[in-house]
Number of protein chains: 2
Amino acid sequence: MADSAPRRRSRASAGLPPITADKIIDAAVELTGERGLDGWSIRQIATRLDVWPGVIAHHVGDREAVVMGVTDRVISRIPVPGDDVPWRDWFRSVMSEGRTVLREYPGVARRLCVVGPNVPSALPTIDAGIRVLMKAGFGEQAPEVYRFLFNSAFALVAVEDDRGSFPTARADMGRAMAAFAEDDSRPGLAAAGTVARGRGTDPRDIAAQETEFFHFTLERSLDGAEAMLTSR
Amino acid sequence: MADSAPRRRSRASAGLPPITADKIIDAAVELTGERGLDGWSIRQIATRLDVWPGVIAHHVGDREAVVMGVTDRVISRIPVPGDDVPWRDWFRSVMSEGRTVLREYPGVARRLCVVGPNVPSALPTIDAGIRVLMKAGFGEQAPEVYRFLFNSAFALVAVEDDRGSFPTARADMGRAMAAFAEDDSRPGLAAAGTVARGRGTDPRDIAAQETEFFHFTLERSLDGAEAMLTSR
DNA sequence: ACCTGAACACCGTTCAAGT
DNA sequence: ACCTGAACACCGTTCAAGT
């Protein structure tokens with residue numbers, strides 16, 4: 001098995017460089033890209049680095065610490081737009097690009113939503129986003145509005161990630177809804193069924209539908225925030 | 001240990017009634033209320049029912065099947081408002097009451113967001129919600145708007161649940177933000193810090209802040225949907 | 001049909017002992 | 001300081017054997 005224990009007698013005696021916390025996180029980020037944040041074990045990281053499982057605890061800490069290291073590294077890859085653009089464009093940009101990065105590392109979006117500003121690499125984005133909202137006239141509500149917009153977008157990415165780990169879920173949902181198209185006794189479900197029926201079901205179609213719904217969510221959330229400005 | 005194997009020789013020979021799928025889901029729902037959907041094991045359910053672990057697979061299926069059974073039961077406890085109320089009130093009601101139920105069973109909100117209409121007991125709510133939106137004038141966009149509102153509310157509950165299983169996360173976040181209140185070089189974080197500083201940090205305060213943010217999110221999402229009506 | 005009892009292939013974490 | 005190697009207390013799932 002590829003996930004079994006290493007064979008070598010000693011790293012030092014074999015002339016190998018010592019393992020570092022950084023190299024452990026590197027391997028964990030790689031595995032997260034392949035299988036998602038819940039798709040690997042401490043033992044698999046150890047096998048990939050050709051060391052015994054206890055070594056990970058020694059250099060990084062428990063599984064939680066490794067996960068936080070991965071999260072911080074992935075978040076740092078999300079580009080922060082310049083703060084000279086209109087606020088709606090700023091959020092559209094950071095969230096679309098953020099989604100692209102996060103979807104490459106399934107499970108990280110969820111973590112980001114949960115721990116938020118506890119991830120050091122998220123701080124520059126939070127600072128810039130709140131500044132942009134203050135400049136747009138949200139005043140002291142800027143932090144709350146930031147959190148709302150941020151959560152709307154990335155909690156949805158977290159759901160998309162989760163759905164990806166139920167291989168059948170996406171297709172099942174579409175098929176289940178489409179079956180209601182002729183249900184006259186339940187007009188709400190019938191309407192949803194009619195919409196579902198008109199849509200493709202192969203993976204490319206589903207990916208396009210997900211992207212479209214993400215942007216729909218984004219625009220509705222921005223509209224919801226904007227209503228705070230116009231109703232003053 | 002309370003989670004160890006049963007001792008009795010045979011249920012039948014001891015005059016005990018046979019285990020049913022329903023009783024297994026009962027026990028799983030109970031454990032979910034105590035520890036959350038990720039807080040119990042198949043073996044713990046077996047111990048609580050005083051049977052061997054293989055019995056769960058025999059009557060219900062694998063862990064996934066048990067989780068879906070729990071999800072369906074919990075969702076069925078969310079009351080569906082009458083469809084004679086204005087659409088905003090309808091959603092306010094179902095989402096506030098839904099949150100109350102879901103927070104009693106941590107982890108179920110996440111499942112609901114992921115599998116959606118695949119949970120049979122969610123269908124009456126979906127039907128009624130889309131009908132309410134059609135009556136309000138959303139036309140063929142009603143299913144998409146329903147999904148948006150639904151996701152906004154319950155994906156946030158899922159994040160609240162997750163945060164609950166990081167005992168330190170909530171307090172850490174507040175403290176981390178408050179520390180930025182004097183950071184003149186980062187005015188965005190400073191603004192968030194000032195807000196955080198003015199807030200209580202004991203569990204009751206934090207729960208109240210979470211409820212407040214939930215309602216903020218709800219109203220902003222409803223505003224975002226309403227903008228589709230007024231801009232026609 | 002229902003359940004027992006064990007086996008299998010995994011987990012994360014800990015820690016004494018070696019180098 | 002760093003790593004080995006093993007042990008511990010768990011998992012979910014499977015399945016032959018009993019009743």
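By convention in this document, chain letters (A, B, ...) are assigned in the order of the sequence lines, proteins followed by strands, and residues within each chain are numbered from 1.
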- Consider only side-chain N and O atoms of A:Ser185 and A:Asp183, and report whether a donor and an acceptor are under 3.5 Å apart. yes
- Note on the structure: Here the pair of heavy atoms bringing A:Leu218 nearest to A:Met95 is CD1-SD, 3.2 Å
- Item | Sugar-phosphate only, base, or nothing, as touched by B:Ile56 at under 4.0 Å among non-hydrogen atoms | nothing
- Note on the structure: Among the nucleotides D:dT4, D:dG12, D:dC11, whichever has the atom closest to the side chain of B:Gln44 is D:dC11
- Any idea which of D:dC2, D:dT4, C:dC3 is nearest the B:His59 side chain? C:dC3
- Any A:Ser13 side-chain N or O less than 4.0 Å from OP1/OP2 of C:dT19: no
- Kindly assign one of parallel, tilted or perpendicular to the pair B:Phe216 and A:Phe148, based on the angle between their ring planes and the thresholds 30° and 60°. perpendicular
- Message: Rounded to whole Å, how long is the line connecting atom CG of A:Leu16 with atom P of D:dC3?
- Response: 10 Å
- Which nucleotide, D:dT14, D:dC11, D:dT13, lies nearest any side-chain atom of B:Arg63? D:dT13
- Any idea which of D:dC11, D:dA7, D:dC2 is nearest the B:Arg43 side chain? D:dC11
- Task: Report yes or no: do A:Arg77 and A:Tyr105 form a side-chain donor-acceptor pair below 3.5 Å?
- Result: yes
- Task: Specify the residue among A:Trp40 and A:Val55 whose closest nucleotide of DNA chain C lies further upstream toward the 5′ end.
- Result: A:Trp40
- Message: Heavy atoms from C-beta onward define the side chain here; which of D:dC3, C:dT13, D:dG12 lies closest to that of A:Arg11?
- Response: D:dC3
- Message: Nearest to the side chain of B:Asp62, heavy atoms from C-beta on, is which of D:dT13, C:dC2, C:dG12?
- Response: D:dT13
- Message: I want to verify a distance call: between D:dT13, C:dT13, C:dT14, whose nearest atom is closest to the B:Pro53 side chain?
- Response: D:dT13
- Message: Checking contacts here: which listed nucleotide (C:dG12, C:dT14, D:dT4) is nearest the side-chain heavy atoms of A:Ile42?
- Response: C:dG12
- Respond yes when some side-chain nitrogen or oxygen of A:Trp52 is under 4.0 Å from OP1 or OP2 of D:dG5, and no when none is. yes
